[in-house]
S.K.: 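Sending over a structure as structure tokens; questions will come in a sec.
In each ligand, atom 1 is the first atom listed, and ligand 1 is the first ligand listed.
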Amino acid sequence: MHVLSVSSLKGGVGKTTVTLGLASAAFARGIRTLVVDLDPQSDVSTGLDVQTAGRLNIADVLENPKEKVVRQAITSSGWTKVHPGTMDVLLGSPSAINYDGPHPSVRDVWKLEEALALIEDEYDLVLVDCAPSLNALTRTAWAASDRVAIITEPGLFSVAAADRALRAVEEIRRGLSSRLQPLGIVVNRVRPQSVEHQFRIKEMRDMFGPLVLEPQLPERTSLQQAQGAAKPLHVWPGESAQELAADFDQLLDRVVEAGHIDAPEQGATTAE
Ligand SMILES: Nc1ncnc2c1ncn2[C@@H]1O[C@H](COP(=O)(O)OP(=O)(O)OP(=O)(O)O)[C@@H](O)[C@H]1O
Ligand SMILES: [Mg+2]
């Protein structure tokens, strides 16, 4: 089981969008996937079309990471009505904010790792949608992760923001979990015609080299439409959605490679 955190220290740059895009690509490919909603805003749970009634959630798991609690906090995504496959969600909750203090204890930081260890035979890939800070929740996510994808927009402060995030990953790798590594930087909301955006991407390539992942993700309303309808991007109609789906397929290739994930043939589930 490979665990990828999707993070940025800044809000609103596309963490949830990238989590959902990668989840959609993994679902299309038949990879058994669990999405952990570690953001108190719980946007990714919404995007994955979940029923929360009668379920526990991430706050319960962080309080008491026992198998019974973990299983009751996981539910199947409504995406599985579109086609069969394993797409589960460890449900988010506004109460998760109570576990996001600035100085978590060592014990607290390992609670997600403890929870995921109980179910590791059941998934090939775990995607963790993080909150936009470096407080306890993000540290908890990183302690449980093999890789971190850093999300950024191609703006004035993007190099500094990505640099800060990479340094934070390095700090956690040294101090807490030697298995943690950056997957790379995903540049989101790119307008290909924008000279400013192309300049910022070049600036990041000069600074971070191959850590700047290909492809960069364009700004497209089809993404918002698929999210709004709580459907996987890969089944959303239109050329724009399919181009984006192909971009996420390429990003997923990197994840699969980094995690040595034994993925079924591409399109295995959709071809049925
Ligand atoms: N490439 C894109 N094209 C169009 N809209 C986008 C794109 N990426 C993100 N958005 C939109 O921008 C908004 C913020 O994106 P998103 O929720 O993914 O960011 P986030 O980093 O998860 O935010 P937060 O820090 O609040 O969790 C959403 O409405 C999303 O639909
Ligand atoms: Mg989000």
S.K.: Checking the N or O distance criterion of under 3.5 Å, is ligand 1 in contact with Pro218?
M.R.: yes

S.K.: Any nitrogen or oxygen of Val13, main chain or side chain, under 3.5 Å from a nitrogen or oxygen of ligand 1?
M.R.: yes

S.K.: Just jot down the ligand 1 atoms closer than 4.0 angstrom to any heavy atom of Asn188, in number order.
M.R.: 1 (N), 2 (C), 7 (C), 8 (N), 9 (C)

S.K.: Is any heavy atom of the protein nearer than 4.0 Å to atom 29 (O) of ligand 1?
M.R.: no

S.K.: Is there a nitrogen or oxygen of Asp43 sitting under 3.5 Å from a nitrogen or oxygen of ligand 1?
M.R.: no

S.K.: Would you say CD of Gln51 has more than 12 non-hydrogen atoms from neighbouring residues, nucleotides or ligands within 6.0 angstrom?
M.R.: no

S.K.: Do you see an N/O/S atom of Thr17, backbone or side chain, under 2.8 Å from the Mg ion (ligand 2)?
M.R.: no

S.K.: So, Tyr123 and Asp88: side-chain donor and acceptor under 3.5 Å apart, yes or no?
M.R.: yes

S.K.: Looking at non-hydrogen atoms alone, which of Arg189, Gln224, Gln216 comes nearest to atom 13 (C) of ligand 1?
M.R.: Arg189

S.K.: Are more than 12 heavy atoms, taken from residues, nucleotides or ligands other than Asp206, located less than 6.0 Å from that residue's CG atom?
M.R.: yes

S.K.: Arg200 versus Leu156: any side-chain heavy-atom pair under 4.5 Å?
M.R.: yes

S.K.: For the residue pair Ala162 and Ile150, what are the closest heavy atoms and their distance?
M.R.: CA-CG2, 4.4 Å

S.K.: Which of the numbered atoms in ligand 1 are under 4.0 angstrom from any heavy atom belonging to Leu223?
M.R.: 1 (N), 2 (C), 3 (N), 7 (C)

S.K.: So if I count the atoms of ligand 1 from 1 in the order they appear, which ones are less than 4.0 Å from some heavy atom of Gln227?
M.R.: 30 (C), 31 (O)

S.K.: Among all protein non-hydrogen atoms, which one is nearest to atom 24 (P) of ligand 1, and what is the separation to 0.1 Å?
M.R.: Gly12 N, 3.5 Å

S.K.: Just wondering, do Val148 and Leu180 contact through their side chains at under 4.5 Å, heavy atoms?
M.R.: yes

S.K.: So do the side chains of Arg29 and Asp253 get within less than 4.5 Å of each other, counting heavy atoms only?
M.R.: yes

S.K.: Does Asp39, backbone or side chain, put an N or O under 3.5 Å from an N or O of ligand 1?
M.R.: yes

S.K.: Report the member of Lys10, Glu153, Gln41 with the shortest heavy-atom distance to atom 26 (O) of ligand 1.
M.R.: Gln41

S.K.: Closer than 3.5 angstrom, by distance alone: can the side chain of Arg139 be matched with the main-chain N or O of Ile172 as a donor-acceptor pair?
M.R.: no

S.K.: Determine whether Pro65 and Leu112 make a side-chain contact, defined as any pair of heavy atoms from C-beta on separated by less than 4.5 Å.
M.R.: no

S.K.: Which of these passes side-chain contact (heavy atoms from CB on, under 4.5 Å) with Ser24: Thr19, Leu48, Leu233?
M.R.: Leu233

S.K.: Name the closest protein heavy atom to atom 17 (O) of ligand 1, giving the residue it belongs to and the distance to 0.1 Å.
M.R.: Thr16 CB, 4.0 Å

S.K.: Any nitrogen or oxygen of Gly14, side chain or backbone, less than 3.5 Å from one on ligand 1?
M.R.: yes

S.K.: Looking only at protein heavy atoms, which one is nearest to atom 15 (O) of ligand 1, and how far off is it?
M.R.: Thr17 OG1, 3.7 Å

S.K.: Using a 4.0 Å cut-off to any heavy atom of Gly11, which atoms of ligand 1 qualify?
M.R.: 25 (O)

S.K.: In the protein, which heavy atom is nearest to atom 3 (N) of ligand 1, and how far is it?
M.R.: Arg220 N, 2.9 Å

S.K.: Are the aromatic rings of Phe248 and His234 close, with centres under 6.0 Å apart?
M.R.: no

